[in-house]
Amino acid sequence: MDDYTKFNSKIIDQWVNEGWEWGMPISHEEYLQAQKGEFKMVLTPLKQIPKDWFPDPIKGKKILGLASGGGQQMPILTALGGECTVFDYSQKQLDAEKMVAEREHYQIEIIKGDMIKKLPFTDNTFDMIIQPVANSYIENVQHVWNESYRILKPGGRLLVGLDNGINYIFDKTETKLYHPLPYNPLKNPEVNDDFPIEEEGIQFSHTLDEQIRGQIKAGFQIVDLYEDTNSEGKLKDYNIPTFWATYAIKK
């Protein structure tokens, strides 16, 4: 499927219509709290991003939300004074960004696009890129690291959430080993029997080599990281980490 990202964008639009938690914008009250410097933000299901991962001050910094639509991170960063751009391939997620911006009367650049292609930004544009878990919906993550490095200013920060692959080896009950890694419906269509792409979208497992070593190969220096669990389910009950989050800088 050459246009699998177009397929995924429609799936995510569908999830948003069904009340997907990552497509629910922040409230007016949360926006007002962020203007006072009081906020919570995640890259993975549960753990909050450490405050020292953000530039100090955020005010005046040029920030890109990469595959970060939905009206969650970008309104907060705008409330803190960031000059924000959001880039996403889901129209519903971008609609949420527009809705919050109109409600709170601020300006944000909203761009619909696909991160598997060359990003439509010049070199050394942004002070920070933030990306919640999204690389599990693309096959080649090295391209994202290379492009992120290109468009960040020297010393710029990359904050990203990552699925570590464990979710993909279990069945839906999270009690039985289901499929060996790597998980790739494009190469192993038999997984569609239990995880139909019409429901799950086309997702991919990625390794530490691809995701963290890949950032280093692109030129980044890893400054900090942490693990996180699912928000619910058997793996969560056993405190099994299924996500990573990393903070890296462009050297």
Side-chain angles (χ1 to χ4, degrees), residues 5-6 8-51 53-55 58-115 119-121 125-138 144 148 157-163 201 228 230-232 243 245:
T5 54
K6 291 182 180 178
N8 277 344
S9 71
K10 294 177 181 178
I11 292 294
I12 290 175
D13 285 349
Q14 175 183 315
W15 292 348
V16 173
N17 286 336
E18 294 170 352
W20 190 41
E21 63 177 316
W22 306 116
M24 300 178 65
I26 66 167
S27 67
H28 175 61
E29 289 71 26
E30 288 172 302
Y31 181 81
L32 294 179
Q33 287 296 109
Q35 287 185 313
K36 300 175 183 177
E38 301 172 9
F39 66 95
K40 298 177 181 179
M41 194 184 305
V42 298
L43 294 166
T44 56
L46 295 176
K47 287 189 179 179
Q48 294 181 40
I49 304 171
K51 294 294 176 65
W53 283 24
F54 297 102
I58 292 175
K59 186 176 181 179
K61 297 296 189 295
K62 292 183 67 65
I63 300 171
L64 173 65
L66 183 58
S68 186
Q72 297 185 352
Q73 293 84 22
M74 306 317 292
I76 290 174
L77 292 167
T78 301
L80 293 167
E83 299 175 10
C84 295
T85 299
V86 62
F87 182 91
D88 206 301
Y89 62 16
S90 164
Q91 187 59 54
K92 293 292 184 180
Q93 292 287 75
L94 295 178
D95 289 346
E97 294 289 345
K98 182 179 179 181
M99 182 276 291
V100 179
E102 291 177 347
R103 186 188 72 197
E104 307 300 345
H105 308 291
Y106 64 76
Q107 297 294 317
I108 182 172
E109 186 174 15
I110 298 175
I111 300 174
K112 186 173 184 179
D114 191 339
M115 67 180 174
L119 297 176
F121 308 107
T125 296
F126 295 100
D127 297 290
M128 185 174 79
I129 296 173
I130 186 166
Q131 183 194 64
V133 177
N135 285 340
S136 50
Y137 299 97
I138 62 172
V144 173
S148 295
R157 304 178 182 217
L158 175 66
L159 278 55
V160 62
L162 307 163
D163 187 301
D228 199 4
N230 294 341
S231 56
E232 59 183 4
F243 295 93

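More than 12 non-hydrogen atoms from other residues, nucleotides or ligands lie less than 6.0 angstrom from CD of Glu18. Shown here is Gln48, whose CD atom has more than 12 heavy atoms of other residues, nucleotides or ligands within 6.0 Å. More than 12 heavy-atom neighbours from other residues, nucleotides or ligands sit within 6.0 angstrom of NZ on Lys51. Heavy-atom contacts from other residues, nucleotides or ligands closer than 6.0 Å to NZ of Lys61 number more than 12.
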Problem set entry | Stepwise side-chain hydrogen bond (donor to acceptor under 3.5 Å, both in side chains) check, Thr44 with Asp228 | CA-CA 7 Å; Thr44 56; Asp228 199 4; 2.7 Å; yes
Problem set entry | Criterion side chain to side chain contact (heavy atoms under 4.5 Å, CB included) on Trp20 and Ile12, from CA distance to verdict | CA-CA 8 Å; Trp20 190 41; Ile12 290 175; 3.6 Å; yes
For this session: Could you give me the CA-CA distance, side-chain angles and deciding distance for Thr125 and Lys62, then say whether side chain to side chain contact (heavy atoms under 4.5 Å, CB included) is met?
Result: CA-CA 8 Å; Thr125 296; Lys62 292 183 67 65; 4.0 Å; yes
Problem set entry | Pair Gln73-Ser68, side-chain hydrogen bond (donor to acceptor under 3.5 Å, both in side chains): steps then yes or no | CA-CA 7 Å; Gln73 293 84 22; Ser68 186; 3.1 Å; yes
Exercise. Should Leu43 and Phe243 be marked as a side chain to side chain contact (heavy atoms under 4.5 Å, CB included) after you check the CA-CA gap, both sets of side-chain angles, and the distance that decides it?
Worked result: CA-CA 9 Å; Leu43 294 166; Phe243 295 93; over 6 Å; no
For this session: Before giving the answer on side chain to side chain contact (heavy atoms under 4.5 Å, CB included), spell out for Leu162 and Asn135 the whole-Å C-alpha distance, their side-chain angles and the decisive distance to 0.1 Å.
Result: CA-CA 7 Å; Leu162 307 163; Asn135 285 340; 3.9 Å; yes
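The shortest distance between side-chain heavy atoms of Phe39 and Ile49 does not fall below 4.5 Å. Looking at Met41 and Leu77, their side chains come closer than 4.5 Å, going by heavy atoms from C-beta outward. Considering only heavy atoms from C-beta on, Ile138 comes within 4.5 Å of Val144 through its side chain. Pro55 is not listed as a side-chain neighbour of Asp127, based on a closest heavy-atom distance of 4.5 Å or more. Residues Met115 and Phe87 meet the side-chain proximity criterion, which asks for heavy atoms closer than 4.5 Å. For the pair Ile130/Leu158, no side-chain contact is recorded, criterion being any heavy-atom separation below 4.5 Å from C-beta on. Annotation: side chain of Thr85 is in contact with side chain of Phe126 (closest heavy-atom distance under 4.5 Å). Between Val133 and Trp22, every side-chain heavy-atom pair lies at or beyond the 4.5 Å cut-off.
Ring centroids of Tyr106 and Tyr31 are separated by less than 6.0 Å, placing the two rings close together. Residues Tyr89 and Tyr137 keep their aromatic ring centres 6.0 Å or farther apart.
Note: Leu32 CG to Glu104 CD = 6.0 Å, rounded to the nearest 0.5 Å. In this structure, CG on Asp88 lies 11.0 Å from CE on Met74, to the nearest 0.5 angstrom. With values rounded to the nearest 0.5 angstrom, Gln33 atom CD is found 11.0 Å from Ile76 atom CD1.
The heavy-atom pair separating Ser148 from Leu66 by the smallest distance is OG-CD2, 3.9 Å. The minimum heavy-atom distance linking Glu21 with Ser231 is given by the pair OE2-OG, 4.2 Å. Across all non-hydrogen atoms, the minimal contact from Gln72 to Ile26 is O-CG2, 3.7 Å. The heavy-atom pair separating Gln131 from Ala67 by the smallest distance is NE2-CB, 4.3 Å. Contact detail for Gly71 and Glu97: the closest heavy-atom pair is N-OE2, 2.9 Å.
Exactly one residue among Lys92, Gln93, Gln91 makes a side chain to side chain donor-acceptor pair (under 3.5 Å) with Asp95. That residue is Gln91. Checked against Cys84 for a side-chain contact (heavy atoms from CB on, under 4.5 Å), the options Ile63, Ile58, Ile110 give a single hit: Ile63.
The closest donor-acceptor contact from the side chain of Glu102 to the backbone of Met99 lies at 3.5 Å or more, if one exists at all. The main-chain N or O of Ser90 is never found under 3.5 Å from a side-chain atom of Asp13 such that the two would form a donor-acceptor pair. In this structure, Arg157 contributes its side chain and Ile129 its backbone to no donor-acceptor pair below 3.5 Å.
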